Peer 1: 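This is the structure I want to talk about, given as structure tokens.
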There are 2 protein chains.
Amino acid sequence: MSNYDVKQEVTDKYSLRGRVFNRIREDILSGRYKENDELKEIAIGEELGVSRTPVREAFRQLELEGLIQIVPNKGAYVTGITMDDVKDIYMIRSKLEGLCARRACEHITEAQMEEMEENVYLAKFHAEKGHFDQMFALDNRFHELLYESCNSKMLEHLLKDYHQYVKRVRSKTLSTIERSVASNAEHQGIMEAIKNKDGDLAEKLATLHVDKAFSNMIKNGLKEVYQND
Amino acid sequence: MSNYDVKQEVTDKYSLRGRVFNRIREDILSGRYKENDELKEIAIGEELGVSRTPVREAFRQLELEGLIQIVPNKGAYVTGITMDDVKDIYMIRSKLEGLCARRACEHITEAQMEEMEENVYLAKFHAEKGHFDQMFALDNRFHELLYESCNSKMLEHLLKDYHQYVKRVRSKTLSTIERSVASNAEHQGIMEAIKNKDGDLAEKLATLHVDKAFSNMIKNGLKEVYQND
DNA sequence: AATGGTATGATTGTATACAATTATCCACAG
DNA sequence: CTGTGGATAATTGTATACAATCATACCATT
């Protein structure tokens, strides 16, 4: 996140360090490791059958990703997400997803456009049925698609990072059927604006969408299931 | 950047790894290490009088910062900044500095406001005299001040990262006296808008300022000295 | 001469040993 | 009973040794 973050997409999947990194990242994002949990190099090394060296290197990367905080000579702790952080991220995403949607109007490929349409129509089905798991997946995919269609590696990567980051919180917030349906309707609006190459509208709708997702999250508080954005 | 990037501001300044990290970072930003230069663990370790271990850990962090790219089993190479990257960053900064300036209207402290005014008036003096070094420093400080006054750790950190990142390019672009004077006049406009707590104006001016800096950079191409933004 | 393969050296990846630092706990004084 | 001190254990920081991988060069074969 370090920020902008031009790192390669695949954090060398096949090195021990890469495996450790991805594993811990998943465990934090999925909630297996909770806020303020202490991660010990030896314990994790033994669990994954590797020595401390790759674990340490993975820790350094996770720290820059903002997932853990390393206190020198003391330990590594899973960072908490404060309400301020979430608020800040949504504020930033609000602007940048608008920008992203505007650029998508000019740069989206046919294949991406097609998948986006498919996504919206499929999601409509699942939203009405109350299939939350599928909704969650489709919702995530919609946003990733949007990011990929803006034709800016920097912007795409930044937005994916943030999106990934707030997943931790979204997975704890309550999702209602009403919000799911509304969220998907908003997706549809964005999708159609992009299809019509209406940059102004696409930007406006994407910004509004993020703002609404945040309002809804606040309104419902942090509960059990998850949050559609 | 990593991205959002919640990492501690001081990358433990007193550990060997922290020192190696800061040193290499400086060397890349200052241009001592150039694009595609290969960084060897042993060579750097010997130069700084440390073993490979802290060097390797520093490398991992630098990779996430986007300053180097590590090719597994091969080596670490200083990443180049493409014109697309620069364009993307200015596009993103344009939006976010606007947001930042708007927030500054509500959150800037008295001390920060005072330093900002001082900065503008001092810069005006140096701009007219053609003191480029002082201008460069004051310009950087103005933006950092702006970032610090928005009262958002996330936004502040993100903008500082980007600002730092493009320094590599800015230090190679030509700065004219005309642009220096114009740039500082823009700073003054932003500063006054913030002082008057005119959020709309501050956002508009800050966005425009970044856009103009980018246009100017394009117009002049990448030359010897540096670029005021 | 061109190509292919093998040997060799250089460099990174990983594991382990040792040093430094921090936390814990118990004894003991007040 | 409380608080301080130091010994001890646990954990991270660093250095080094070894394994794996990659690049290069040289020689053999065609």
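What you are looking at is a predicted structure, and each value in this text was computed from that prediction instead of being measured.
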Peer 1: Any side-chain heavy atom of B/M116 within less than 4.5 Å of one from B/L146?
Peer 2: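 B/M116 reaches B/L146 side chain to side chain.
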
Peer 1: Rounding to a whole Å, what distance do you find between B/E38:CD and D/dA23:P?
Peer 2: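 About 10 Å, once rounded to whole Å.
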
Peer 1: If I take atom CD1 in residue B/I42 and atom P in nucleotide D/dA17, what distance separates them, rounded to the nearest angstrom?
Peer 2: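 In whole Å, D/dA17 P and B/I42 CD1 are 12 Å from each other.
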
Peer 1: Would you say B/R60 reaches C/dG13's phosphate, i.e. side-chain N/O to OP1/OP2 under 4.0 Å?
Peer 2: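 For B/R60, the contact criterion (side-chain N or O under 4.0 Å from OP1 or OP2 of C/dG13) is met.
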
Peer 1: Measuring to OP1 and OP2 of C/dT14, would you say a side-chain N or O of A/T53 lies under 4.0 angstrom away?
Peer 2: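 It does not, given that no N or O in the side chain of A/T53 lies less than 4.0 Å from OP1 or OP2 of C/dT14.
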
Peer 1: Which whole-number value in Å describes the distance from A/E57 CD to D/dA15 C1'?
Peer 2: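 Between C1' of D/dA15 and CD of A/E57: 14 Å.
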
Peer 1: Taking the inter-plane angle between the rings of A/H209 and A/H143 on a 0 to 90° scale, is it parallel (under 30°), tilted (30 to 60°) or perpendicular (over 60°)?
Peer 2: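 Rings of A/H209 and A/H143: parallel, as their planes differ by under 30°.
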
Peer 1: More than 12 non-hydrogen atoms from neighbouring residues, nucleotides or ligands closer than 6.0 Å to CD on A/E114, yes or no?
Peer 2: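 Check fails, neighbour count at 12 or below.
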
Peer 1: For the side chain of A/K40, counting heavy atoms from C-beta on, which of C/dT16, D/dT14, D/dT11 is nearest?
Peer 2: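 Among the listed nucleotides, the one closest to the side chain of A/K40 is D/dT11.
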
Peer 1: Return no unless some side-chain N or O of B/R56 is found under 4.0 Å from OP1 or OP2 of C/dG13.
Peer 2: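 For C/dG13, OP1 or OP2 has a side-chain N or O of B/R56 closer than 4.0 Å.
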
Peer 1: Rounded to the nearest angstrom, tell me the gap between atom CD1 in B/I70 and atom C1' in D/dT21.
Peer 2: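 Atom-to-atom, B/I70 to D/dT21, this comes out as 16 Å.
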
Peer 1: Give a yes/no on whether any side-chain N or O of A/K74 is located under 4.0 angstrom from OP1 or OP2 of C/dT21.
Peer 2: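 Indeed not, no polar side-chain atom of A/K74 lies that close.
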
Peer 1: Got a donor-acceptor contact below 3.5 angstrom from the B/S94 side chain to the B/D211 backbone?
Peer 2: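 Not at all, since once roles are kept as given, no pair shorter than 3.5 Å links the two residues.
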
Peer 1: With nearest nucleotides of DNA chain C determined for A/V50 and B/F59 from heavy-atom distances, which residue corresponds to the more 5′ nucleotide?
Peer 2: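 This one resolves to B/F59.
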
Peer 1: D/dT14 P sits how many Å from B/I44 CD1, rounded?
Peer 2: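 Whole-Å distance recorded here is 16 Å.
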
Peer 1: Between C/dA10 atom C1' and B/E46 atom CD, what is the distance in whole Å?
Peer 2: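 Atom CD in B/E46 sits about 13 Å away from atom C1' in C/dA10.
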
Peer 1: Please figure out whether B/E41 or A/R52 has its closest DNA chain C nucleotide nearer the 5' end.
Peer 2: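 On the 5' side of the pair lies B/E41.
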
Peer 1: Taking the six-membered ring for Trp, are A/H187 and A/F142 parallel (under 30°), tilted (30 to 60°) or perpendicular (over 60°)?
Peer 2: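 The arrangement is parallel - the two ring planes meet at less than 30°.
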
Peer 1: Picking from D/dG13, C/dT14, D/dA15, which would you name as closest to the side chain of A/N73?
Peer 2: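 When the side chain of A/N73 is considered, D/dG13 is the closest of D/dG13, C/dT14, D/dA15.
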
